[in-house]
There are 2 protein chains.
Amino acid sequence: MNSSKSNIKKQVSEPTLRRLPVYLYFLEKVREDGIINISAPTIGKNLKCDSTQVVKDLAVTGIKGKPRVGYNTYELIHALEDYLGFNRTNEAFLVGTGNLGSALMAYQENQSLGIKIIAAFDTNEKKIGTHVGNIHVLEYKKLFHLAERLNVKIGIITTPNEVAQDVAEDLMNCGVKAIWNFTATILDLPGKIIVQNTSLSTSVAVMLRRLNDSEKITN
Amino acid sequence: MNSSKSNIKKQVSEPTLRRLPVYLYFLEKVREDGIINISAPTIGKNLKCDSTQVVKDLAVTGIKGKPRVGYNTYELIHALEDYLGFNRTNEAFLVGTGNLGSALMAYQENQSLGIKIIAAFDTNEKKIGTHVGNIHVLEYKKLFHLAERLNVKIGIITTPNEVAQDVAEDLMNCGVKAIWNFTATILDLPGKIIVQNTSLSTSVAVMLRRLNDSEKITN
DNA sequence: ATTAATTAAAGAAATATTTCCTTAATAGCG
DNA sequence: CGCTATTAAGGAAATATTTCTTTAATTAAT
């Protein structure tokens, strides 16, 4: 369940990486209010986390804050977007246009997700030929053909669990380097392929357990 | 960004909790194959993680494995479902029936998510009165009225970011104890309210960054 | 029955992550 | 112009998490 290690310079930790978009969204909100500079303690107070952690997290972008002033909001937003790759067009293929797949396609049209789904694939004949927004649902077989022309690095799997492994291998063979996996299947792929598992059950599990814990405590 | 601490017995760590549904899904697959007993090393090999970790994770359920035999698949599945609360009907309200909200409603009809959305709310008049599967979309105002009768503990927020805080407070005032927050807003609520943040941007951020890292390494 | 191999469990060590502490910088204020 | 309060940065300590090691149990094979 772990990722490989870089030999050039050590990878930024996952907890830190997961916090960066949170800072980014907060800073965007702050910028709208016309705030030019913001300090780590202020960010920490708003986001309910330690100011030291804020400083260390933001340090990965290379941006330096000024003592007594804090960080330049605009500069920091840019650096975060750049670091996270949100300012590039990260093109992606999506496989499996069920509820979740369709939702992701529709969702990214409004909400900026950081990636742009350029084509969706399905084996269900009823789905093929339809489109969500301006993304067309193509026959799954065409994945290989399309991948030749377009140099897509990211694949999204929103298929039933049973076919996830096969789809993942196909995507890999089409040149995909990173897979966003919404199924409950643990994909067995070479270590060089980045796999991001986003199973909804995982979140539910944590929440339900915490709820259960809290109910047992007499407040 | 942290949760409160139990004073009765120490909480199970989040990494462990996040792995439990992964074991559960794997075991369900294994059970279908008619396998009665399975060892931690076998689970570890399949899920690509350390066998010691498997043993420690599964220990939280209270199930004991037998040396030289492993765990009883059936017993373990039951214990995990019970521990995670997946075998209970965890009723939930959903607020915000946009793309993501609708998808969640449709999704849970097929895929067992561990929770059951019993009513959805929106302020958009075009949405009110419609239904996804057999879940009706109701006027947001009716949340308070409905909450009086039904004792719903879980709230799901799939609204635009701007209104998330207000919705969260309303849900809390309606007796909701746990909130599954899909927005990028960091909710400011009393510590006793369980908040599970599932921002899609977070996953994308981690994936894009790892992809970027891997491209810089000469394999 | 005895032995050998496998395995879970419990504890120790290693690693990762967060929090704390000190230092140096600097802008605002007198 | 110097002092003070605030702050980022860097390193140290504390905590959390994972991995390693040892031990004891138990089943299968002889």
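Proteins get letters first, then strands, A, B, ... in listed order; numbering begins at 1 in each.
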Calculate the interatomic distance between [X] atom [atom1] and [N] atom [atom2]; express it in whole Å.
X: B:Lys64; N: D:dT26; atom1: NZ; atom2: C1'; result: 15 Å
X: A:Arg18; N: C:dT17; atom1: CZ; atom2: P; result: 13 Å
X: B:Asp50; N: C:dA10; atom1: CG; atom2: C1'; result: 15 Å
X: A:Asp57; N: D:dG10; atom1: CG; atom2: P; result: 15 Å
X: A:Ile38; N: D:dT7; atom1: CD1; atom2: C1'; result: 14 Å
X: B:Lys45; N: C:dT6; atom1: NZ; atom2: P; result: 10 Å
X: A:Asn37; N: D:dA8; atom1: CG; atom2: P; result: 10 Å
X: B:Asn72; N: D:dT26; atom1: CG; atom2: P; result: 16 Å

State whether a side-chain donor-acceptor pair under 3.5 Å links [X] with [Y].
X: A:Asn212; Y: B:Tyr83; result: no
X: B:Tyr23; Y: B:Asp57; result: yes
X: A:Ser102; Y: A:Thr97; result: no
X: A:Tyr71; Y: A:Asn37; result: no

- request: Assign B:Lys56 to base, sugar-phosphate, or nothing according to its heavy-atom contacts below 4.0 angstrom with the strands shown.
  value: base
task: Pick base, sugar-phosphate or nothing for A:Thr52, based on heavy-atom distances below 4.0 Å to the nucleic acid.
output: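 If one applies the 4.0 Å heavy-atom cut-off, A:Thr52 turns out to touch a base.
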query: Taking side chain as C-beta onward, heavy atoms only, is A:Leu143 less than 4.5 Å from A:Leu171?
result: yes
- prompt: Does a nitrogen or oxygen in the side chain of A:Arg19 sit under 4.0 Å from OP1 or OP2 of C:dT18?
  reply: yes
message: Counting only side-chain nitrogens and oxygens, does A:Gln53 get under 4.0 Å of the OP1 or OP2 atom of C:dT17?
response: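 The answer is no; no side-chain N or O of A:Gln53 sits under 4.0 Å from OP1 or OP2.
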DNA chain C: 5'-proximal contact among B:Pro67 and A:Thr16 (nearest heavy atom):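 Counting from the 5' end, the first nearest nucleotide belongs to B:Pro67.
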- prompt: Taking for each residue the nucleotide of DNA chain C bearing the nearest heavy atom, is the 5' side occupied by B:Val55 or by A:Lys66?
  reply: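 On the 5' side of the pair lies B:Val55.
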message: Show, in sequence, the C-alpha distance, side-chain angles and deciding distance for A:Asn197 and A:Ser199, and conclude whether the side chain to side chain donor-acceptor pair (under 3.5 Å) test is met.
response: CA-CA 6 Å; A:Asn197 294 308; A:Ser199 160; over 6 Å; no
- request: Any chance you could lay out the side-chain contact (heavy atoms from CB on, under 4.5 Å) test for B:Tyr107 and A:Leu200, step after step, and finish with the verdict?
  value: CA-CA 10 Å; B:Tyr107 192 71; A:Leu200 294 178; 3.9 Å; yes
query: Just how large is the angle between the end axes of the helix from C:dA1-D:dT30 to C:dG30-D:dC1, five pairs per end, to 10 degrees?
result: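 If I round to tens, the end axes sit 10° apart.
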message: Should the side chain of B:Arg68 and the base of C:dA5 be counted as holding a donor-acceptor pair, with the cut-off at 3.5 Å?
response: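 Checked by distance alone, the answer is yes.
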